[in-house]
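Quick notes on the structure that follows.
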Amino acid sequence: MRKRIYLDYAATTPVDPAVLVAMRPYFNRDFGNPSSLHSFGQKAKSALEGSRNVIAGLIGAKSEEIIFTSSATESNNLALKGVAFANRDKGNHIIISAIEHDCVLNTALWLSKQGFEITQIPVGKDGLVDPERIEKSIKKDTILVSVIWGNNEIGTLQPIVEIGRICRKKNVLFHTDAAQAFGKIPIDVVRDNVDLLTASSHKIYGPKGAAFLFVKRGILLTPILHGGGQERNLRSSTENIGSIVGFAIAAEIADERMNSENKKLLMMRDKIINKILRKVPDSYLNGHPTKRISNIANLRFAFVEGESMIMELSAAGIAVSTGSACSSPKLEPSHVLLALGLRPEEIHGSVRISLGRWTTDKEIDYLIEVLPRVVEKLRKISPFAR
Amino acid sequence: MYSEDVIKHFRNPHNMGKIKKPDGIGKVGNIICGDVMWLYIKVGKSASRRKKDEEVIIDVKFETFGCTAAIATSSMITDLAKGKTFEEALKINKQEITESLGGLPPIKVHCSVLASDALVEAIYDYLAKNKRPISKELEERHVHIKREKEIIEERYKEWVGKQEEVVGEK
Ligand code: FES
């Protein structure tokens, strides 16, 4: 079979075999509904609470502060809408960064149509939010600040602790979307001054369909889903027990291997960045060179377009992604790259390479060999290249 | 999502590159996503018996900055235009290009418009340069395409400038 190399781990990850084994019984043997009082239900219930304890322990939270949801998108929706509607009497101003994931950005846009005022904090050329700008934007009626911890496109890690400190001082709730950061950097919600935090299972070798929102005790949220009152009445729905169990195991594994995996991925990531930038003229790194997640490199090549790069790479068996307008369903360039001050034509040539648990040196070497060739080939077709 | 023919043309585009002293150049941009296509034509007398002595496009080449579909449609239009009279060439539209490629995803149809626009512009350029009569219809198409191009050029100024600098040094 033709070689297939997956370098799109920031999009989603395969489920770790150990996770798959651990979650399997909950689909047919211990399949009960955790709300049922009989033994089937109670077995599932104890697995659910066990998973909650594990996850809470990993981020320094209390078990009852973890709300399981179906996706990071749902968690982010619940955080923003939940805080917004529960605090309407206190104020209607919400602050987000300009490089939030679509699900935070579009939730904020929707809230702006419901009468909330949204401020977007710009980022620097390196993709970092300046905490001082957040401090200056906080007003009397600000109820929430939400900043993505690790950016999904360029991988930059924001100064979350500092932003949290400012929010605490100003008495404003602070939410962070840690979908890319959870499992890859140590998180302690108490030390890091976080009030609400989103994390997702399928980014850390768990199954899709499970995520959580950490909600610090005492914070009131208006639920989005109404029904049987599961998850402290904040998220009605029969719990997706198999996926939740898998999520907790995946989180445990990620935590255990965090240091060794980061070390490996960082070396591979920097090797890619250094070699490619050296080999390919007019190529650049998007985002801060060091303040970034260990597994994401976002590179930019002048004079060529990303969708065609993806297709050429895919023909060579390599799977990566791009922020080019041509590949987006709305034909719009990535708002994250726009926020870095890049022009649409520069964004056209951007490629995100994201590594993971099963990435090998051989795969990296193959990428380093193929990618420059692809750029060269497309530059021969481009009117702009020399 | 792409047909086999699209991928074939994309991976091995036909007639790619520049023509040294072209008789006409069509430079177009796509205001939807910002892609650019340059098309060069060489005009001459037809060698075929059927069109004996008629003026036809004897050679055509392209350069494209754009997606898979943009490159594939560029390649396809060069195939379609070769050997055609102006009248025939101006009739090549997005339907014909798309069908010849075994279809395009709906969101990519605009890329094929870029290709037919480039051909229109190359022919217009040739006719205008040689002070030849230009039909009202062609004039209108040219004005419309030019307006879009101006918007794109504003965006790409820096790169186009760079390129011309390099050309100038040689
Ligand atoms: S050239 Fe941008 S979508 Fe085809």
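The analysis underlying the following values was restricted to heavy atoms, covering all of them including side chains, and did not include hydrogens, waters or symmetry mates. Numbers restart at 1 for each chain; the letters A, B, ... are given by sequence-line order, proteins then strands.
Both the backbone and the side chain of A:Lys380 come within less than 4.5 Å of a heavy atom of chain B. For B:Ile71, the part lying near chain A is the side chain, with the backbone staying farther off; criterion is any non-hydrogen pair under 4.5 Å. With a 4.5 angstrom heavy-atom cutoff, A:Ser324 does not touch chain B via any of its atoms.
Among residues two or more places apart in sequence or in another chain, the ring pair (Phe, Tyr, Trp, His ring centres under 6.0 Å) test is passed with B:Phe65 by A:His348, A:Phe384, B:Tyr156, B:Trp159.
Taking the ring centroids of B:Phe86 and B:Tyr126, they lie under the 6.0 Å cut-off.
Contact check on B:Glu55 versus B:Arg132 returns a salt bridge, with a Lys/Arg side-chain nitrogen under 4.0 Å from an Asp/Glu carboxylate oxygen.
How far CG of B:Leu127 is from CG of B:Leu138: 6.5 Å, rounded to the nearest 0.5 Å.
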